[in-house]
Colleague: 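Handing you this structure, nothing more for now.
So that the names make sense, note that chain A is the first sequence line, chain B the second, and so on, each numbered from 1.
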Amino acid sequence: MDSHVSHPDQATASAPSVISAAGLGLTFPTNDGPVRALADVDLTINKGEFVSFIGPSGCGKTTFLRVIADLEQPTAGTISINGMSPREARERRAYGYVFQAAALYPWRTIEKNVALPLEIMGIAEAEKRERIARTLALVNLTGFEKKFPWQLSGGMQQRASIARALSFDADLLLMDEPFGALDEIVRDHLNEQLLQLWARTEKTICFVTHSIPEAVYLSTRIVVMSPRPGRVTDVIESTLPRERPLDIRETPEFLAIAARVRDGLRAGHSYDD
Amino acid sequence: MSETRGNRIVPVLVMLIAIVAIWYAGTYFMNAPFQRDLDRRAEVERSSGDLFLATMTQAKPTLPAPHQVAANFFENTFLRKITSNRSLIYHAGVTLSSTLLGFVIGTVLGILIAVGIVHFTSLDRSLMPWIIASQTIPILALAPMIIVVLAAVNLTGLLPKALISTYLSFFPVAVGMVKGLRSPEIINLDLMHTYHASKAQTFWKLRLPASVPFLFASMKVAIAASLVGAIVGELPTGAVAGIGAKLLAGSYYSQTIDMFAALVAGSLVAVLLVTAVDVVGRIVERRMGARPA
């Protein structure tokens, strides 16, 4: 499985950058005065990386993802996606976005939900069918095409929403706490599946989470953020191999990285106290 | 299954029996003074039991007894040719046609207004106050004016009456659909944004399907309002047919039994219409994957 995927070190060194942010800042005006959701974020994400953003609520991790997705406009600094502005990238359908909730349309069956972006992008019928079948197979939902969302469990719904984000073959997958509302066992299972999917599709994934084990288990790089103002306090390169069975989480190497993430989070928090 | 059905029917039956009993009591008390007056003039002596029976059988009672209304309703519904102008089915049909026409126009108009309001802030600000103001004018005052003004431009017959129904029915649909078209959550709208979907695509694939439950809820109110509009439209306009005309004729000639029978016909039509909308709504929502209740 690993043979056709380049080594992570090589990937970071030689792959072209997909996202590059410099001095990025975003200030929301509110009734209580301006809130600095993001401040001075410098970050480059290369093709094929799996980058997790971790931090307490209010640290700007979701906001950063939304800026990439052109759902929020930065008020300072620059950001480019594949060398384009977020808006241009969005217009070229450069990314698939997975929200915290599955956000499936209740009046559409699972296959129709996966078809939604394809319909909007005007994909021909035959190719549409082929892509629906392929992406549903990727997330192990073959056989559930005709079911409505309420007939599926929460974990299956979230897998369907991942299939929907994958269906139009964007290179970049933006995931905003996609498994945050699911229980531990389902989450473990989906984490494993997500890693396999990443290995198979070679996509670049930006993954927001507030779970340290999840971040360490999944990522090639972990971006630790802290709030008020939302900023990057540490960027940790994972030394774990690409092939990661679930029990890798008990290895000293894994625990060492987790400890460093925890230290980073704690350092960020000391600002408040 | 049978037990749940029984549980549902028993309270309704108890209520019905209570209403009929109160009605009979009311009939006696409302009609007794006139009956005593009649008897005094005719110099007839009656026992109180006899007086009670007499109050139940007057030709033009102040308040007709339930069985009188039932008999009149039965006779005028089932024993007359439906082309006869004494047939309640004929009159109900006349009212129904303007109700339905008005309801269709009103629903389309309401949806169009809601689409405009949701998509253009200027319309939201300019239109909404007028829509609300329109519903504060008593329809009874407005109906004759609509009929007269339209007659002046040679519009008579079905359409003017239907427009009164429209006037009443567009409002709940407009208000309900504004809410329905705005009902998609931010997360769903964000999703469409990430796909770079056009406004039209967002409308057809998200806003409209999301608004369907709201549409049927407001159509249930609208169709009942349409019926009221059609009946009110027949009242002051010298209409010769329709439930409203029947009510008016009954009041001219003190045919209280006829009036009550016409009211019963009107309520039955209302129940049928609301039920029909409800059934269609359920079928549509089931097709759209709603979880069976």
Colleague: Who among A:Phe148, A:Tyr105, A:Tyr95, A:Phe168 has the most heavy-atom pairs with chain B under 4.5 Å?
Modeller: A:Tyr105
Colleague: Select all residues of residues 170-188 of chain B having any heavy atom within less than 4.5 Å of some heavy atom of chain A, and report them by number, or 'none'.
Modeller: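 Residues in range: B:Ile187, B:Asn188.
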Colleague: Restricting to side-chain hydrogen bond (donor to acceptor under 3.5 Å, both in side chains), what partner residues turn up for A:Lys112, sequence neighbours left out?
Modeller: none
Colleague: Which region of A:Arg93, side chain (C-beta onward) or backbone (N, CA, C, O), has a non-hydrogen atom less than 4.5 Å from a non-hydrogen atom of chain B, or is it both or neither?
Modeller: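 Only the side chain of A:Arg93 comes within 4.5 Å of chain B.
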Colleague: Once you round to the nearest 0.5 Å, how far does CD of A:Gln157 lie from CG of A:Leu182?
Modeller: 9.5 Å
Colleague: If you tally heavy-atom pairs under 4.5 Å against chain A, which of B:Met192, B:Glu285, B:His193 wins?
Modeller: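 Sorted descending by pairs with chain A, the first entry is B:His193.
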Colleague: Taking all atoms of both residues into account, what is the closest heavy-atom pair of A:Val139 and A:Leu166, and its distance?
Modeller: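 So the minimum-distance heavy-atom pair works out to CG1-CD1, 4.5 Å.
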Colleague: Measure A:Arg66 against the heavy atoms of chain B and call it side chain, backbone, both or neither at under 4.5 Å.
Modeller: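 It is the side chain, since no backbone atom gets that close.
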Colleague: Minimum heavy-atom separation for A:Ile68 to A:Pro86, with atom names?
Modeller: O-CB, 3.7 Å
Colleague: Grab the two heavy atoms, one from B:Ser165 and one from B:Gly229, that are nearest each other, plus how far apart they are.
Modeller: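 Distance-wise, the nearest heavy atoms are OG-C, 3.8 Å.
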Colleague: Heavy-atom pairs under 4.5 Å with chain B are the metric here; pick the option from A:Gly96, A:Pro117, A:Ala94 that has the most.
Modeller: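 Ranked by heavy-atom pairs under 4.5 Å with chain B, first place is A:Pro117.
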Colleague: Determine the option with the most heavy-atom pairs under 4.5 angstrom with chain B, choosing from A:Met121, A:Gln151, A:Gln100, A:Arg164.
Modeller: A:Arg164
Colleague: Considering all heavy atoms of both residues, which atom of B:Ala262 and which atom of B:Ile243 are nearest to each other, and what is their separation?
Modeller: O-CG2, 3.6 Å
Colleague: Should we count NZ of A:Lys128 as having more than 12 external heavy atoms under 6.0 Å?
Modeller: yes
Colleague: Compute the centroid of each ring, for A:Phe64 and then for A:Phe53, and state whether the two points are separated by less than 6.0 Å.
Modeller: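 Ring centroids of A:Phe64 and A:Phe53 are less than 6.0 Å from each other.
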Colleague: Which one of A:Leu38, A:Leu24, A:Val41 satisfies the side chain to side chain contact (heavy atoms under 4.5 Å, CB included) criterion with A:Pro74?
Modeller: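 For A:Pro74, the side chain to side chain contact (heavy atoms under 4.5 Å, CB included) check succeeds only for A:Leu24.
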Colleague: Only pairs of heavy atoms separated by less than 4.5 Å count here; which of A:Pro149, A:Ala170, A:Ala103 has the most with chain B?
Modeller: A:Ala103
